[in-house]
Amino acid sequence: MKGLKGKTALITGATSGIGQAIAIRLAQEGCNIAINYRGNPERAEETEEKAIQKACSDIEGCGVRSLPVQGDVSNESDIINMVNTVIETLGSLDILINNAGIQSEKASHELGSDEFDRIIGVNLRGAFLCARETIKHLVEQKRSGVIINVSSVHEIIPRPLYVSYSISKGGMGNMTKTLALEYANRGIRVNGIAPGATITPINEAWTEDPEKQAEVESHIPMGRAGTSEEMAAAAAFLASDEAAYITGQTLFIDGGLTLYADFQEPWSA
Ligand code: NAD
């Protein structure tokens, strides 16, 4: 895709699922990749190996560089160190993918403030702080850049028992628009992707049980869950110059989940 070769991208939570797929896809497109991991360097090395293998499958000695970078996105000083390390080691930072995310299930009337803060701290506050540090660098260097926030269909679909997750993704949608407007005239584009039900470790409660997976998929108009690679393709498009005139948008990649699936068959006439 246009404009990705030679750019440097930092992907948070890049050791599994959607983040790993985005890291691999961006490397394939010729980006240098900084692979953020929280606690497991072996998983980051695995992402690195897969990405370089894919990126170099048809080019002898391809020039893609990669850097595993530790950091807990709920910790402000970790984020500052992580962004500085990427810039010092890889020379710049052009693309931030705010992918790290967590969820937990609890009735709202029983949800403790610690648990509420923990989800918001990673999914929303962490994403904001990563964006802030990236934008600081871009503004100081007078560089253009791209931020992609990995949101969710729950940016707009309320999700009972997951109130902090829903709030975090709803907030992320507003953050995408606000930052996009604030930095549009400096060449910094901010967009989101909103996956529907996707086969990744966050969903192992149903991806590892064919019956439960069929139940989930029965609610999806296209009749199947999505893949991390499908999410990565959309992220790569939005990060590339093919999307040069797109900012402040969240692209829903959900097999039709946000289309009021109950209206697929007429029931109200
Ligand atoms: P996943 O569990 O495989 O990935 C989440 C990643 O975030 C993991 O690599 C994890 O280590 C990392 N992470 C968690 N806390 C972190 C922290 N404090 N600091 C740094 N990294 C941290 O699940 P996934 O499905 O690939 O999720 C990726 C993103 O996609 C999340 O933001 C999630 O909300 C979003 N999403 C997923 C789905 C889905 O169905 N899988 C649907 C909508 C949105």
Side-chain angles (χ1 to χ4, degrees), residues 10-25 34-48 50 68-83 96-105 115 117-131 148-157 159 162 164-173 175-176 192-208 212-213 216-217 219-220 224-232 234-235 250-255 257-258:
L10 165 63
I11 305 101
T12 67
T15 58
S16 62
I18 295 168
Q20 184 178 65
I22 295 175
I24 292 170
R25 178 64 192 256
I35 300 161
N36 161 246
Y37 65 96
R38 187 183 33 181
N40 192 337
E42 290 82 31
R43 299 291 307 271
E45 280 162 24
E46 188 192 301
T47 302
E48 196 177 18
K50 286 184 182 168
V69 57
Q70 197 277 332
D72 178 339
V73 303
S74 66
N75 182 313
E76 186 169 11
S77 56
D78 272 19
I79 292 173
I80 294 169
N81 289 338
M82 173 170 74
V83 170
L96 167 69
I97 311 284
N98 263 326
N99 167 78
I102 53 172
Q103 61 180 17
S104 75
E105 183 182 308
E115 187 59 359
D117 289 348
R118 191 174 73 87
I119 309 283
I120 300 287
V122 173
N123 296 8
L124 186 56
R125 180 178 178 272
F128 167 66
L129 293 176
C130 289
I148 311 270
N149 295 316
V150 180
S151 180
S152 163
V153 287
H154 299 296
E155 180 174 317
I156 56 169
I157 302 178
R159 192 178 184 195
Y162 290 82
S164 49
Y165 185 80
S166 292
I167 291 172
S168 73
K169 298 301 187 180
M172 190 174 233
M175 183 174 83
T176 295
I193 62 165
T198 310
I199 297 171
T200 72
I202 212 172
N203 287 328
E204 60 195 13
W206 55 265
T207 54
E208 312 223 316
K212 286 187 185 157
Q213 182 162 339
V216 168
E217 291 181 331
H219 296 282
I220 302 169
R224 66 169 179 87
T227 65
S228 296
E229 290 72 25
E230 287 170 322
M231 307 307 145
T250 297
L251 182 57
F252 288 81
I253 310 154
D254 63 358
L257 200 57
T258 44

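All ligand and atom numbering here is 1-based and tracks the order in the structure.
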Check each atom of ligand 1 against the heavy atoms of [X] and keep those under 4.0 Å away; list them by number with element.
X    : answer
D72  : 17 (C), 18 (N), 19 (N)
G17  : 3 (O), 26 (O)
N99  : 28 (C), 29 (C), 31 (C), 32 (O)
V122 : 15 (N), 18 (N)

Under 3.5 Å donor-acceptor, [X] side chain and [Y] backbone:
X    : Y    : result
K169 : I156 : no
E155 : G170 : no
N203 : T198 : yes
N36  : A14  : no
N99  : G13  : yes
R25  : A232 : no

Please state which protein non-hydrogen atom is closest to [atom] and give its distance, to 0.1 Å?
atom                    : value
atom 19 (N) of ligand 1 : V73 N, 3.0 Å
atom 15 (N) of ligand 1 : R38 NH1, 3.4 Å
atom 39 (C) of ligand 1 : N203 ND2, 3.3 Å
atom 5 (C) of ligand 1  : G101 O, 3.7 Å
atom 35 (C) of ligand 1 : S151 O, 3.7 Å
atom 13 (N) of ligand 1 : A100 CB, 3.9 Å
atom 30 (O) of ligand 1 : V150 CG1, 3.4 Å

Between [Y] and [X], is there a side-chain donor-acceptor contact under 3.5 Å, judged purely by atom types and distance?
X    : Y    : value
Y162 : E105 : yes
S74  : D72  : yes
D254 : T258 : yes

Determine, considering heavy atoms only, which of [options] sits nearest to [atom].
atom                    : options               : result
atom 43 (C) of ligand 1 : P195, S228, G126      : P195
atom 38 (C) of ligand 1 : G196, G71, S152       : G196
atom 3 (O) of ligand 1  : S74, G13, S16         : S16
atom 41 (N) of ligand 1 : I199, T227, T200, I79 : T200
atom 23 (O) of ligand 1 : I202, D254, I102      : I202

Considering only heavy atoms, does [X] approach ligand 1 within less than 4.0 Å through its side chain, its backbone, both, or neither?
X    : value
H154 : neither
T12  : neither
I18  : both
Y165 : side chain

Worksheet item: Does N36 have a non-hydrogen atom less than 4.0 Å from ligand 1?
Response: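 Yes, N36 has a heavy atom closer than 4.0 Å to ligand 1.
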
Worksheet item: For C130 and T12, which heavy atoms make the closest approach, and how far apart are they?
Response: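 Taking C130 first and T12 second, the nearest heavy atoms are SG-CG2, 4.0 Å.
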
Worksheet item: Which heavy-atom pair separates I202 from Q103 by the least distance, and what is that distance?
Response: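 Taking every non-hydrogen atom into account, O-NE2, 3.7 Å.
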
Worksheet item: Do we get R43 above Y37's six-membered ring, with its NZ or CZ under 6.0 Å from the centre and within 45° of the axis?
Response: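 Negative - R43 is either too far from the ring of Y37 or too far off its axis.
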
Discussion item. When you compare the side chain of I148 with that of I22, does any pair of heavy atoms fall below 4.5 Å?
Written reply: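 No, side chains not in contact.
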
Worksheet item: Can you find an N/O atom of A197 closer than 3.5 Å to an N/O atom of ligand 1?
Response: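 There is no such contact.
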
